Each structure stands twice: as structure tokens, then as C-alpha cells.
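A short write-up of the structure that comes next.
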Amino acid sequence: MTTHLFNVGQTFGVKAPAGLVIEGFSATDHPLIPPATPYVFRQGLAALIAFLRDPAGDAFLLTGPTGSGKTSLVCQVAARLNWPVQSVTCHGRLELSDLVGQFVLIDGSTRFVHGPLAVALREGHLLLLNEIDLMDPAELAGLNDVIEGQPLVIAQNGGEVIRPHPKFRVFATGNSAGAGDTTGLYQGVLRQNLAFLDRFRVLPVGYLEPEVELGVLAGAVPSLPPEVGEKLIAVANEVRRLFVGEGESTAQLTITLSTRTLVRWARLALTFRGAPQPIRFALEQALTARADPDQREAIHRVAADVMGDLWTGSSAA
């Protein structure tokens, strides 16, 4: 795959020195290039671009609360640079061999099929390990050498050696920073091996600023009145505050209102704007129907306080 230099300011719609460029790929038709969607790039973009330019033997971990945009940041950068992404969602039963590859039965014969790690290493793709803190740290330790630039030796395939493509990069996301879940909000989060974590640059990713999130809503749901969008965001931020907790106070909610859910709520509110209490009905479908009764009532109380007449009214527009 041939490469191409992209102007950072023009490509990502941010303020940047006029001559600042980042190398990506020329071809736009690779099936693993994430689809580009409207996106507002934040401060963490600079750290991510610096890593893409020169990882220097590091991997890159994005950590933060659920729904804060960790995965979307990586994917939308990759989309604009035409950089294919091998994306894997980690879990407690995922093994290193699943990432490297395994023998499978194809047309009556056994054949070795390379996994996402092997393909990304060989082809120069991004390897994106989502929810990395759900995976067994003993399995993840097997990535140490390839992160540092060593070749991958596949013993089960006759000792095949795959040398890293110069564009190979490793990203990971997690609700914790690898030290385990201290909040009690996330089930299955495991404390990771210190030697493994020592190979990562770390970027905390929080929720969007209200004015930025309002722009996201305007792009995703352009017919939503801005004054309604502001109130939806105010509700979302109060729910997030109760989810994360503040200072010494512990979290009071076990579900949160991510930007993804916020957009869903806005769209549904417009869809049902002719129904009685469309804002409430939309919020139930978007989020609170899966909450326990006490938390549903608490979130609805927050929404009623913030939304005022919109909460009990018959229109969202």
C-alpha cells in the first residue's frame, strides 16, 4: 500500500501549524478502513498523531468512562488517514492464539488462518484492542515483544516469522488504566501486568465539553432545536456526574448517558414528538428501560428538573 501525506489542520479540522503533516495511506477502498462520520477532534488528537508518527517501541492506551469516545477517536483518525484497523473486543476467554491465528478446517483440509495481530503486523494496520482490561494479563504479556518491534514467531505454523511493517501500531482502550476497577462500576475488569502496562503511553479520555457536544448533536440531529439540545446535554452531564462520582463521594448510578445514547435520545424525541411526553418516552427507550426502578426514577427526576415544561409537554420541537 502506497502512503500519502495529510495536512493535519485540513484533515482533522483543527488549528495546527500550516506545514504539519501526518503520513497515512493513499488507497481509500480497503474494507478495514473505518467509515468516516462527523466528528469533533479534541485535545488528545495531538498525542495520538505523535504516536502514529513515531511509536518508539510503545503502544497507546486510551482510558476513561464508558461512552466517552475512546474507540471512536482512534477509528475516526484512522478513517481520515485511510489506515485499516484490526479491531478486537477483549474478554476473559480471549487468548493470545486467537490474536495470532489458528488452524481451521476449510474445504475438508486443515489450514492455518492468521489472526488480527498477525495480519496487522504484516500489513501495517492498526491493532485496536477494546476493553483490554477484561483480558487475562498472562495472555496479554505475549504482546510485549511485538510492541517493542520484535518479529512475531508463530510456532504452531512451522515457526513462521512475521516482521513488523513500519506502519504497524497497537492501540488499546479500557475503562481502567490497568490497575483494576476502583469504582465498582465495571464487572470483570482485571489488574494488568506492570511490565505490560510499562509499554503504553496513556491518554485519559473524558466526556465532551457541553459546547462541543452541542455541535455533535447539531451534526447528528440537525432538526433538533438548539435550546432542546442544551437541556438534553445538561441532563446527560448530571447523570454522568452521578455515575462517576465527585471527590470523595462514590458513584450513585451504575449506568451513564454517553454521547452515543444522547444522540439516540435526541433522535427518538423527534421521532415521537407527536406522542404524549415524547422526551420521557424517548429517554426510556434510549436508556432508562434497562435501569433498575430506583435508578430509573432518579434519572427521570433529574430530567424533569432540567427539562421543565419540555418533560411534561407534547412536543420536542
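Position 1 is the first residue of the sequence; numbering continues from there. Just the heavy atoms: all of them, side chains too, but no hydrogens, waters or symmetry mates, feed the values below. Computed from a predicted structure; not experimentally measured.
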Joint cluster assignment, Leu45 & Leu20, ILVMFWY side-chain distance < 4.5 Å: yes
Charged N to carboxylate O below 4.0 Å: is that the case for Glu297 and Arg301? yes
For the backbone of Thr3 and the side chain of Ser26, can you confirm whether one donor and one acceptor N or O come within less than 3.5 Å of each other? yes
Parallel, tilted or perpendicular: which fits the ring planes of His165 and Phe25, with parallel below 30° and perpendicular above 60°? tilted
Grouping I, L, V, M, F, W and Y whenever their side-chain heavy atoms are under 4.5 Å apart, do Tyr39 and Ile33 come out in a common cluster? no
May I ask you to decide if Val8's main-chain N or O and Thr11's side chain share a donor-acceptor pair within less than 3.5 Å? no
What one should report as the nearest heavy-atom pair of Ala59 and Ile147 is N-CG2, 3.7 Å
Any donor-acceptor N/O pair, Glu139 side chain to Leu96 backbone, under 3.5 Å: yes
Ignoring hydrogens and angles, tell me if any N or O in the side chain of Asp98 forms a donor-acceptor pair with the backbone of Glu95 under 3.5 Å. yes
Once rounded to the nearest 0.5 Å, what's the spacing between atom CG of Leu134 and atom CZ of Arg93? 11.0 Å
To the nearest 0.5 Å, what is the distance between CG (Leu52) and CG (Leu81)? 6.5 Å
Check for a donor-acceptor pair, side chain of Asp292 on one end and backbone N or O of Gln295 on the other, with a separation under 3.5 Å. yes
On a heavy-atom basis, which atom in Phe6 and which in Arg80 lie closest, and how many Å separate them? CE2-O, 3.5 Å
When you check the gap from the basic side-chain N to the acidic O, do Glu23 and Lys167 get nearer than 4.0 Å? yes
Drop me the distance from Ile279's CD1 to Leu270's CG, to the nearest 0.5 angstrom. 8.0 Å
Does Asn237 reach the side chain of Pro210, with side-chain heavy atoms less than 4.5 Å apart? yes
Passes side chain to side chain contact (heavy atoms under 4.5 Å, CB included), Leu127 versus Val85? Steps please. CA-CA 6 Å; Leu127 176 66; Val85 177; over 6 Å; no
Between CD of Gln150 and CG of Leu121, what distance do you get to the nearest 0.5 Å? 11.0 Å
Any side-chain heavy atom of Leu152 sitting closer than 4.5 Å to one from Val100? yes
Quick one: do Thr71 and Asn130 satisfy side-chain hydrogen bond (donor to acceptor under 3.5 Å, both in side chains)? Show the steps, please. CA-CA 7 Å; Thr71 300; Asn130 285 304; 2.6 Å; yes
Close side-chain approach of Leu203 to Phe60, heavy-atom, < 4.5 Å: yes
Roughly how far, to the nearest 0.5 Å, is OG1 of Thr89 from NE2 of His91? 8.5 Å
Does Val77 form a side chain to side chain contact (heavy atoms under 4.5 Å, CB included) with Phe41? I'd like the steps, not just the answer. CA-CA 9 Å; Val77 168; Phe41 290 96; 3.6 Å; yes
For the residue pair Ile255 and Arg290, establish whether any side-chain heavy-atom pair is separated by less than 4.5 Å. yes
Can you check whether Thr261's main-chain N or O pairs, donor with acceptor, with Arg264's side chain at less than 3.5 Å? no
Could you pull out the closest heavy-atom pair between Pro34 and Trp83, with the gap in Å? CD-O, 3.8 Å
I'd like to know if the side chain of Arg280 and the backbone of Trp311 have a donor-acceptor N/O pair within less than 3.5 Å. no
Does any N or O in the side chain of Glu213 come within less than 3.5 Å of the main-chain N or O of Ala236, such that one atom is a donor and the other an acceptor? no
Looking at every heavy atom in both Leu257 and Arg240, which two are closest together, and how far apart are they? O-NE, 2.7 Å
Decide whether Leu99 and Phe112 are clustered together by the hydrophobic rule: side chain heavy atoms of Ile, Leu, Val, Met, Phe, Trp, Tyr closer than 4.5 Å, transitively. yes
Residue pair Val104 / Thr110, side-chain heavy-atom distance below 4.5 Å: no
Does some side-chain heavy atom of Arg199 sit less than 4.5 Å from a side-chain heavy atom of Asn144? yes
Please lay out, stage by stage, how Leu105 and Phe103 fare under the test side chain to side chain contact (heavy atoms under 4.5 Å, CB included). CA-CA 7 Å; Leu105 188 63; Phe103 284 97; over 6 Å; no
When clusters are formed by joining ILVMFWY residues with side-chain heavy atoms under 4.5 Å apart, either directly or through shared neighbours, do Leu224 and Leu287 land in the same one? yes
Could you check whether any side-chain heavy atom of Thr173 comes within less than 4.5 Å of a side-chain heavy atom of Leu129, counting everything from C-beta outward? no
Note, Leu140 side chain near Asp136 side chain (heavy atom, < 4.5 Å): no
Between the main-chain N or O of Val205 and the side-chain N or O of Ser68, is there a donor-acceptor pair closer than 3.5 Å? yes
Shortest non-hydrogen pair, Pro65 vs Phe243, comes out as CB-CE2, 4.3 Å
Quick check: is Leu253 connected to Leu262 through a chain of hydrophobic side chains (ILVMFWY, heavy atoms under 4.5 Å apart)? yes
Testing the basics here: between Lys70 and Thr63, what is the closest heavy-atom pair and its distance to 0.1 Å? CD-C, 3.7 Å
Side chain to side chain contact (heavy atoms under 4.5 Å, CB included) for Asn82 and His30? Distances and angles first, verdict last. CA-CA 8 Å; Asn82 303 323; His30 195 287; over 6 Å; no
Could you give me the CA-CA distance, side-chain angles and deciding distance for Phe171 and Phe51, then say whether ring-ring contact (aromatic ring centres under 6.0 Å, His included) is met? CA-CA 10 Å; Phe171 284 92; Phe51 170 74; 5.0 Å; yes
